[in-house]
Number of protein chains: 4
Amino acid sequence: MPSHRPGPPGGKREQNRRRRVQELTSAALELFLQDGIAGVTVDRITTAAGTSKGNFYRYFGDKEELVATLFAPLREGFEAALDRSEEVLSAARDHDELVAGYRLLGVSLGALLFAHSGVVRLYLQEARAPAVGARRPVRVLSDLVARRSITLTDVARENGLLRTVDPRVSALAVVGAVERMLWASLTGEHTFDPLQTAEALIAIVMDGLRPTTPAM
Amino acid sequence: MPSHRPGPPGGKREQNRRRRVQELTSAALELFLQDGIAGVTVDRITTAAGTSKGNFYRYFGDKEELVATLFAPLREGFEAALDRSEEVLSAARDHDELVAGYRLLGVSLGALLFAHSGVVRLYLQEARAPAVGARRPVRVLSDLVARRSITLTDVARENGLLRTVDPRVSALAVVGAVERMLWASLTGEHTFDPLQTAEALIAIVMDGLRPTTPAM
Amino acid sequence: MPSHRPGPPGGKREQNRRRRVQELTSAALELFLQDGIAGVTVDRITTAAGTSKGNFYRYFGDKEELVATLFAPLREGFEAALDRSEEVLSAARDHDELVAGYRLLGVSLGALLFAHSGVVRLYLQEARAPAVGARRPVRVLSDLVARRSITLTDVARENGLLRTVDPRVSALAVVGAVERMLWASLTGEHTFDPLQTAEALIAIVMDGLRPTTPAM
Amino acid sequence: MPSHRPGPPGGKREQNRRRRVQELTSAALELFLQDGIAGVTVDRITTAAGTSKGNFYRYFGDKEELVATLFAPLREGFEAALDRSEEVLSAARDHDELVAGYRLLGVSLGALLFAHSGVVRLYLQEARAPAVGARRPVRVLSDLVARRSITLTDVARENGLLRTVDPRVSALAVVGAVERMLWASLTGEHTFDPLQTAEALIAIVMDGLRPTTPAM
DNA sequence: CATGAATGAGGTTTCATTCAT
DNA sequence: GATGAATGAAACCTCATTCAT
């Protein structure tokens, strides 16, 4: 694949190209959710996208590149939200501003996850599988989530927001709890009222991690 | 495979047979952890177990059967622990007995998970992948975990041990948190002090789910 | 396999495609005659046809489909010949027209068998083997032959052309005799003069089945 | 397999041996009729015979040897019947004695085929398949049938019993007709009255091959 | 003697990727 | 650009035959 594309940027060719990529990724996502990334062949993707197998390789070097393309917006959105939150948190001068920072983060992430719910579900589904072949980009994201959630929790603990437990423990516990709820919700395992569930989760987390609570 | 085996029980043949099954399952487990259930061929398993490909099919109908064999002890142990705990809990007459019941469950499960840590890691790794082919037995266990944890949480809530949130939410949140910690621990993503981590987790959960705590 | 093919009809791709199918079926026929349908692997077929194993499955779903393709012309020709003959026979108004009808059938079938002698030999070779796997299409044809020959004989008997024996007996006897001669001839077991043999066979059949002859 | 067997001839060991061979061959015959000689594994045979796979090779060198054993009585009976008939025929001094000779042959063969109907059906089923592997002994018999029926017919023709057509034609036509009837009968394709059918067949053959009949 | 465990070649089918049209 | 034909490396599973118990 040449890096230079013919035609003017934004021109007809560019548009066609975008459309094709979009058709392929969304067809792939649907199939991946059904049968797993490793269980879907290039043939099925192109057939579902209404094009031909050979054409796939015009747009993606291989299946892994398509998966990376699929995850890019979620990963970038996640990093952006975290960057912004960390900025706000490090600028916070008192407890209320800190809490506001975390609220902001919650809202940003909620919006992000909602906007990419298909990819989120794919992420949850594939994140723990060995990062082999086309699945590598998933692991990139899951490492990111683990790393940044721990950093963030550390900030909170340093600011006296959390009880003084290992920040890796509290961070991963929260991540695990949230991911499990998302999984149940996205797969239809259970149907939850989103707002109510969010409130409940926040309450659990807040009380569970509240600093002054004496351990039982 | 005939059900009657030749040779005296406990004789050489019986021994060989047991050894083979053991060699195959443990070789398979190791490889599954490295490359995923779907990513490991029967050929590699038998080579690692020091036998021939064709011989695999004398012991297991197919890869799925081996996976089921691998998961059987964990699944059975899990059900036994849950059965016993539910019995104890339903017989509990006061708050302390209830808490003792949950403590018992925690200890039983801890011992179980520790005893089958390899399979536990495999479970965590594969539980969310589409339950296709050899992966089906994993899904059986994950459904079991979800179902029984919810039931158990419901018992706790009815007994006033938990705040009155949807038991599915608290149950899955706890399961998710615990699983995430186990995952980090078993994969070596982080090294935790087990006792300290258990204490921290229990404290988080207890405080997070304590009934009288007013929501923030 | 998509039903729409690229390229103009009659273009290079269409040509290549036809050629491949032709190469595969004729290579397969030759090998089938040597070693039996069940004794020939896809690998040998593709090697003989000068292509790769995987490519076979682009043209045929499996070996059975190739066999069905191989038998289609003979089966269709047989049905067409029988349809036409039955029409002629049912329109016949006197004995001579009836005999002429049967003569027509004999000529049609002779031409058909001659045109597809390879497939005919394969049919004779495989028709009685258990209709399992790739051999099923052969049984379809052999059932057809039995059924239609009996029907036809019944017509003849009702018109007083044959002695009043069970039409199944006379039909199958004639079919068996003819098939045995064809087999000897096609396998080179013996070399016959075709015309003379045909005459002899007809004479035997006609005399053997002639209505007015008193049983010995 | 040593050629010398332990134990006295006719002793317990000899008896056991015979019984085992009998169990194996009859189990094999049943399976062969269902799925073809090539489609039946040694494992299935031994399981059906109630013994173990390894044991098979104590009694037969390989599958082909079992098939040969299965066909031996029929082949020997056929040769004996033919030998006797040819003797009678060559000693015949007039037309009636000749006809009586053929009648004798018919009766002998009828009894033989009836006594070994399972093997006869297997013969019909496998006779034309390529004589490869375990199927070789079948071809031995089919060659025998062809050769001897022609010889016999030639004798008849030389004695003026048959019209002067190629004896191969009349012989094979009769063989083909008879085999086709047997096939229909033994497979249950049709149910015939045996006596009536035999009469009809004989009449057809006699009239069809009668010397003085002018060709149509 | 009897059993079934072991071997490994071989068969069918799938699929990522390249390439002619 | 688009199409699907071609390739060949695996993967799964079977089975005749040998051999330890």
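Order of the sequence lines fixes the chain letters, A, B, ..., with proteins taken first and strands second; residue numbering starts at 1 for each chain. Only this structure's heavy atoms are used, side chains among them; waters, hydrogens and symmetry mates stay out.
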Asker: To the nearest Å, how far apart are A/L66 CG and E/dT17 C1'?
Answerer: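 That distance rounds to 15 Å.
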
Asker: Report the distance from atom CD1 of B/I37 to atom P of F/dA11, rounded to the nearest whole Å.
Answerer: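 It is 17 Å, rounded to the nearest whole Å.
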
Asker: A side-chain contact here means heavy atoms from C-beta on lying under 4.5 Å apart; do C/V140 and C/R136 qualify?
Answerer: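 In short, these two side chains do not touch, never coming nearer than 4.5 Å.
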
Asker: For nucleotides 8-11 of chain E, give me every protein contact, N/O to N/O, under 3.5 Å, one pair per line with atom names.
Answerer:
residue: E/dG10; atom: O6; partner: B/K53; partner atom: NZ; Å: 3.1

Asker: Expressed as a whole number of angstroms, how long is the span from C/F60:CZ to E/dT14:C1'?
Answerer: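 In whole Å, E/dT14 C1' and C/F60 CZ are 18 Å from each other.
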
Asker: For the pair made of CD in C/E65 and C1' in E/dT13, what is the distance, rounded to whole Å?
Answerer: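 That distance rounds to 14 Å.
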
Asker: Look at the side-chain N and O atoms of D/Y59 and state whether any lies under 4.0 Å from the OP1 or OP2 oxygen of E/dA2.
Answerer: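 Yes, within the criterion.
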
Asker: Between A/R58 and F/dG1, does any side-chain N or O lie under 4.0 Å from OP1 or OP2?
Answerer: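 No, A/R58 has no side-chain N/O under 4.0 Å of OP1/OP2 on F/dG1.
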
Asker: Select from B/G50 and C/N16 the residue whose nearest nucleotide in DNA chain E is closer to the 5' end of that strand.
Answerer: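 Its nucleotide being nearer the 5' end, the pick is B/G50.
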
Asker: Rounded to whole Å, how long is the line connecting atom CZ of A/F56 with atom C1' of F/dG1?
Answerer: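 Between C1' of F/dG1 and CZ of A/F56: 17 Å.
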
Asker: Quick one: is F/dT7 close enough that its OP1 or OP2 comes under 4.0 Å of any side-chain N or O from C/T51?
Answerer: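 Checking C/T51 against F/dT7: at least one side-chain N or O falls below 4.0 Å of OP1 or OP2.
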
Asker: If you compare every side-chain N and O of D/R17 against the phosphate oxygens of E/dC1 (OP1, OP2), does one of them come in below 4.0 Å?
Answerer: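 It does not, given that no N or O in the side chain of D/R17 lies less than 4.0 Å from OP1 or OP2 of E/dC1.
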
Asker: For B/R18 and B/V21, what are the C-alpha separation, side-chain angles and deciding distance, and is it a side chain to side chain contact (heavy atoms under 4.5 Å, CB included)?
Answerer: CA-CA 5 Å; B/R18 281 185 197 289; B/V21 170; 5.9 Å; no

Asker: Does the side chain of A/E23 reach to within under 4.5 Å of the side chain of A/T51, using non-hydrogen atoms?
Answerer: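 No, their side chains stay 4.5 Å or more apart.
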
Asker: From the options D/I37, D/V119, D/T25, select the one residue that forms a side chain to side chain contact (heavy atoms under 4.5 Å, CB included) with D/F32.
Answerer: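 Among D/I37, D/V119, D/T25, the one meeting side chain to side chain contact (heavy atoms under 4.5 Å, CB included) with D/F32 is D/I37.
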
Asker: Does any non-hydrogen side-chain atom of C/R135 lie less than 4.5 Å from one of C/P130?
Answerer: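 The answer is yes; the side chains approach within 4.5 Å.
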
Asker: I'd like to know whether CD of C/E64 has more than 12 heavy-atom contacts from other residues, nucleotides or ligands below 6.0 angstrom.
Answerer: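 It does: C/E64 CD has more than 12 such atoms within range.
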
Asker: I want to check something: taking the side chain as every heavy atom from C-beta on, are B/K53 and B/T47 in contact at a cut-off of under 4.5 Å?
Answerer: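 Heavy-atom side-chain distance check fails, nothing below 4.5 Å.
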
Asker: Map every base of DNA chain E to its dot-bracket character, where paired means a Watson-Crick or G-U wobble contact with both distances under 3.5 Å and | marks a partner outside the strand.
Answerer: .||||||||||||||||||||

Asker: Taking only the side-chain nitrogens and oxygens of D/R20, find out if one of them lies under 4.0 Å from OP1 or OP2 of E/dA2.
Answerer: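 Result: yes.
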
Asker: Can you spot which of D/Y59, D/F56, D/F71 makes a side chain to side chain contact (heavy atoms under 4.5 Å, CB included) with D/L66?
Answerer: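 Exactly one pass, corresponding to D/F56.
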
Asker: Rounded to whole Å, how long is the line connecting atom CD of B/E14 with atom P of E/dT3?
Answerer: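 Taking CD of B/E14 and P of E/dT3, I get 18 Å after rounding.
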
Asker: Taking atom P of F/dA5 as reference, at what distance in whole Å does atom CZ of C/R19 sit?
Answerer: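 Answer to the nearest Å: 13 Å.
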
Asker: Evaluate the side-chain proximity of A/P137 to A/V67: yes if any heavy-atom separation is below 4.5 Å, no if none is.
Answerer: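 With C-beta onward as the side chain, the pair touches.
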
Asker: How close or far is atom C1' of F/dC12 from atom CG of B/D62, stated in whole angstroms?
Answerer: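 Between C1' of F/dC12 and CG of B/D62: 10 Å.
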
